[in-house]
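One structure below.
If you read the sequence from its start, that first residue is 1, and numbering goes on from there.
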Amino acid sequence: MSREFPIGLTPPDWLVRNLQPQQAPLNRPAIARAAVAMSLPLALGLATGHTAYGALASMGALSGVIGDTADAYRMRILNIAIPQLFGAIGVTLGAAVYGHGWYAVTALTLIALVSGMISTIGAVASVSGLLLLLNSVIGAGLPLPGAWWLAPVLMSGGGLLVLLLALLAWPLRSGVPERTAVANTYRTVADLLTTCGDDPTAGYDAARRAVTQSLNQSYDLVLARRARHHGRNPELTRLLAQLNAITPVVEAAPAVHQSGRSLPPQIRDTVRHLAQAVETGYTGPIGLDLPAPTSETTRAVDHALRHAAEVVTAPDVDPRGIDDRLGRPAALRIRAARAARNVLLSSGSWRYGLRLALCIGLAQVLVSTVPVPRSYWIALTITFVLKPDFGSVFSRALLRALGTVAGLVIAAAVLSVVPRGWWDVLVLLLLAPLIPALTPRGYGYQTMAITPVILLLSDILNHQGTALLLPRLVDSLIGCGIALIAGYLLWPESWHTRVGDRLAEAVADTAGYVESAFGTPGTPGAETDPAARARMRRRLYRDLSVIRTEFQRALTEPPPTGRLAAGWLPLVVAVERIVDATTAARVRVKHGAPPPSSAEVTQVALQLRELSEGVRESEVLVEVRTDLTGPAGSVLEPLRQEVAAARAIASPH
C-alpha cells in the first residue's frame, strides 16, 4: 500500500482515528424535520415583524434537532420533550443573572455542578443536563428580548416543533419502529449463521458484535414501552416473545462456528424468512425447508429455529409466559428514586459534576475579569467538550477546535455575502439539514455543521456580522484550553481506572457464567434455569460492548493512553470468545455431549478469577500462568484453549 505522506510526515494513528469519518446511514426524515423546524420559526418571525423572537425559537429547535435520534415514537417524546423542560429552566435562571457579574459566576457554577451530576444517570438525563447548562449560559450571556417568560416559551416551542414533526406519522406507523428493529435483529442473526465455520474468525466476530448491538437496541425499544404497559399490550408482548425466541439460535451459533463446518444456505434463508414475517406481522402457516440434523450442533440449530418459527407465527402470546431477558424495567417512580439516590451517593457523579463546575467557574471568572465580547461561547465550548458519555475529552477538544475553524469558514461566507432578512430563511433551510446528516459522522463534523447555524442566529439577535467570527474562534480555543487543563490534565484518571476495572469485572462475571452454565456447587439450580443463564449472557455481551466502545475511544487519545488501550483491546475480544465457548459447550451438553466434571469447571473459573484480579491490579500487561489442562476430548477443551489465549494476551510479549 502506498503512503499518502512521506515517512517523516505520516500522522500518528490516534490523530487519524480522530479525523476518520464514521460510517452511518442517512436519516432522511430527521434531515427533513431539521430543515422545516429551524427555518419555519424564523420565517414566522420575519412575517410578523418579530425577527428576534423567530431566531430564539429557531435556536430552541436546534436543541430538538440534536435530540431527534430515537426510532420509537415514545422514545422521541422522552428524548426531546424532557430536555426542553430542563432547557426552559436553564434559560430562565441564566437570564435572571444576566449582567450581574459575580452572581452570574456563582449561579452558572452551581448549575454546572447539577448538570454534570444528573448527566451521569442515563441518555435522556445526559441531554437534559446538557440543555440545562447550555441554555443557562445563553441566558446569562445574551440580552434576550421580551419579558422574562418569553425566551423560555419561544425556545421550548422551537424544540417542541421538532417533536410535533417527529410524531406526525405516529397514528399510521405506531409499533413499526419496534417491529423493524426486531426484524433487523433476525437478519443480523442470519448474517451471523452465514459466517459460522469460517476461518479466520474476523468475519464471525464482527457479525457477533452486530448481533449484540442489534439485540441491545431491540430490547431497549421494546422494554422501554413495556415498562409503561406492563404486558397489557399484545403487540409488545409478541415482539418480546420473538426476541426471546431468537436467543437460542444466537446461543447455537458459537457451537456451529466451533465445529468448523458451515451451515447449509437453507438455515440462513429460513431466518430471513422469519425476519420478514416479524416485520409484516404475518401469523399464518410457514413452511420450513430445513435439512435433517446430523450432529449435536445442527440439532441445536434445528431445534432453536423450529421454536422461533412457532413463536413468530403464533397468533396469540400469553404474557404470563414471557420472560424479559434483561429484566422488566421497574416503575418510573422506583427508577427515579433509584437514580436520585445514585446521583447523590455516587463518587463518579460528584467527580464529574465538580470537573464541569470547575471549568465553567473558571470560564465565568475569566469573562468577569477580562473584557471579552459575547464571551458566552467559552462556556458553551466547555459544555460540549466535557460531556461524560460523548467520548474522550482530549479528542473532543481537538475536534471542537478543528470543527469550529471549518464552521467559521462557512459562517464567514454566509455573513459576508447573504443579506439579512428572508435570505436567512433560505440559508437555514440549507444549513440545518447538515446537522442530522453530519452528526453520525463524528463530533468534529457535527461541530462544523452547528457552528454556522448558531452564528447566524446569534447575528440576528446582536447584529455583529463578520466582526463576531474572530472572537468566536478565540473563545472556542480558550474554552478547549480550559477543558483540557482543568477538566482533563488536572484529573489524571487513566484509561485503566475508567475501563480496566470494568473489564476485570466482566472477566469475573464470565467466571460466574461458566459456573452457572454447568451447575457447579456454588450455583445451585443454575442448570435448570435457562432464563437466568440467558440474562447473564445478554448482560455480559452488553457490558463487553460498552467496554469495547470505551477502549475504542481511548485509542483516539495520544500516548501513553492510546498505546495502553491498544495493548489491552485484544483481551476484550478474547473474553467475548470465552463467553462464546462457554455457550457452545452448554449447547453441546444439552444436545447429547457428555457434561464436564465439577473439577474441570472449577479450574476454568479459578483461572478466570485470577485473570480478573491481574487486570484489576495493573495498568500494564502482567505475567500470568497459562497452564490449563483437562481430560482429552472434554466438551470444555475449546473453552480451556480460549481461556489460555486470554491469559497469554494479558502477559507481556
Which residues pass the side chain to side chain contact (heavy atoms under 4.5 Å, CB included) test with Arg299, not counting sequence neighbours?
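Once residues adjacent in sequence are excluded, the partners of Arg299 under the side chain to side chain contact (heavy atoms under 4.5 Å, CB included) criterion are Pro293, Glu296, His591.
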To the closest 0.5 Å, what do you measure between [atom1] ([X]) and [atom2] ([Y])?
{"X": "Leu240", "Y": "Leu221", "atom1": "CG", "atom2": "CG", "result": "12.5 Å"}
{"X": "Leu544", "Y": "Leu503", "atom1": "CG", "atom2": "CG", "result": "7.5 Å"}
{"X": "Leu215", "Y": "Ile246", "atom1": "CG", "atom2": "CD1", "result": "8.5 Å"}
{"X": "Leu540", "Y": "Ser545", "atom1": "CG", "atom2": "OG", "result": "12.5 Å"}
{"X": "Leu344", "Y": "Ser349", "atom1": "CG", "atom2": "OG", "result": "7.5 Å"}

NZ/NE/NH1/NH2 to OD/OE distance under 4.0 Å, [X] and [Y]:
{"X": "Asp580", "Y": "Arg577", "result": "no"}
{"X": "Arg272", "Y": "Asp191", "result": "yes"}
{"X": "Asp509", "Y": "Arg537", "result": "no"}

Looking only at side-chain N and O atoms, does [Y] offer a donor or acceptor that is under 3.5 Å from a partner on [X]?
{"X": "Thr185", "Y": "Tyr219", "answer": "no"}
{"X": "Thr313", "Y": "Thr283", "answer": "no"}
{"X": "Gln84", "Y": "Ser63", "answer": "yes"}
{"X": "Thr298", "Y": "Ser295", "answer": "yes"}
{"X": "Asn184", "Y": "Arg187", "answer": "yes"}

Could you check whether any side-chain heavy atom of [X] comes within less than 4.5 Å of a side-chain heavy atom of [Y], counting everything from C-beta outward?
{"X": "Glu178", "Y": "Glu235", "value": "no"}
{"X": "Val124", "Y": "Asn79", "value": "yes"}
{"X": "Tyr541", "Y": "Val546", "value": "no"}
{"X": "Val65", "Y": "Pro436", "value": "yes"}
{"X": "Pro595", "Y": "Phe518", "value": "no"}
{"X": "His257", "Y": "Thr195", "value": "no"}

Any donor-acceptor N/O pair, [X] side chain to [Y] backbone, under 3.5 Å:
{"X": "Ser612", "Y": "Ala504", "result": "yes"}
{"X": "Arg76", "Y": "Ala166", "result": "yes"}
{"X": "Glu600", "Y": "Ser597", "result": "yes"}
{"X": "Tyr186", "Y": "Gln242", "result": "yes"}
{"X": "Arg238", "Y": "Ala314", "result": "yes"}
{"X": "Arg609", "Y": "Ala508", "result": "no"}

With sequence neighbours left out, write down each residue that passes salt bridge (charged side-chain N to carboxylate O under 4.0 Å, His left out) with Arg268, or none if nothing qualifies.
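Per chain and number, Arg268 pairs via salt bridge (charged side-chain N to carboxylate O under 4.0 Å, His left out) with no residue.
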Considering residues at least two apart in sequence or located in another chain, which fulfil the salt bridge (charged side-chain N to carboxylate O under 4.0 Å, His left out) criterion with Asp302?
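Salt bridge (charged side-chain N to carboxylate O under 4.0 Å, His left out) list for Asp302, sorted by chain: Arg306.
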Test side chain to side chain donor-acceptor pair (under 3.5 Å) applied to Tyr513 and Thr583, step by step:
CA-CA 9 Å; Tyr513 176 57; Thr583 303; 2.7 Å; yes
Go through Leu305 and Ile267 one step at a time and tell me if the side chain to side chain contact (heavy atoms under 4.5 Å, CB included) criterion holds.
CA-CA 8 Å; Leu305 277 181; Ile267 302 291; 3.7 Å; yes
Start with the C-alpha distance between Val615 and Leu571, add both sets of side-chain angles, then the distance that settles side chain to side chain contact (heavy atoms under 4.5 Å, CB included), and finish with yes or no.
CA-CA 10 Å; Val615 172; Leu571 185 58; 3.7 Å; yes
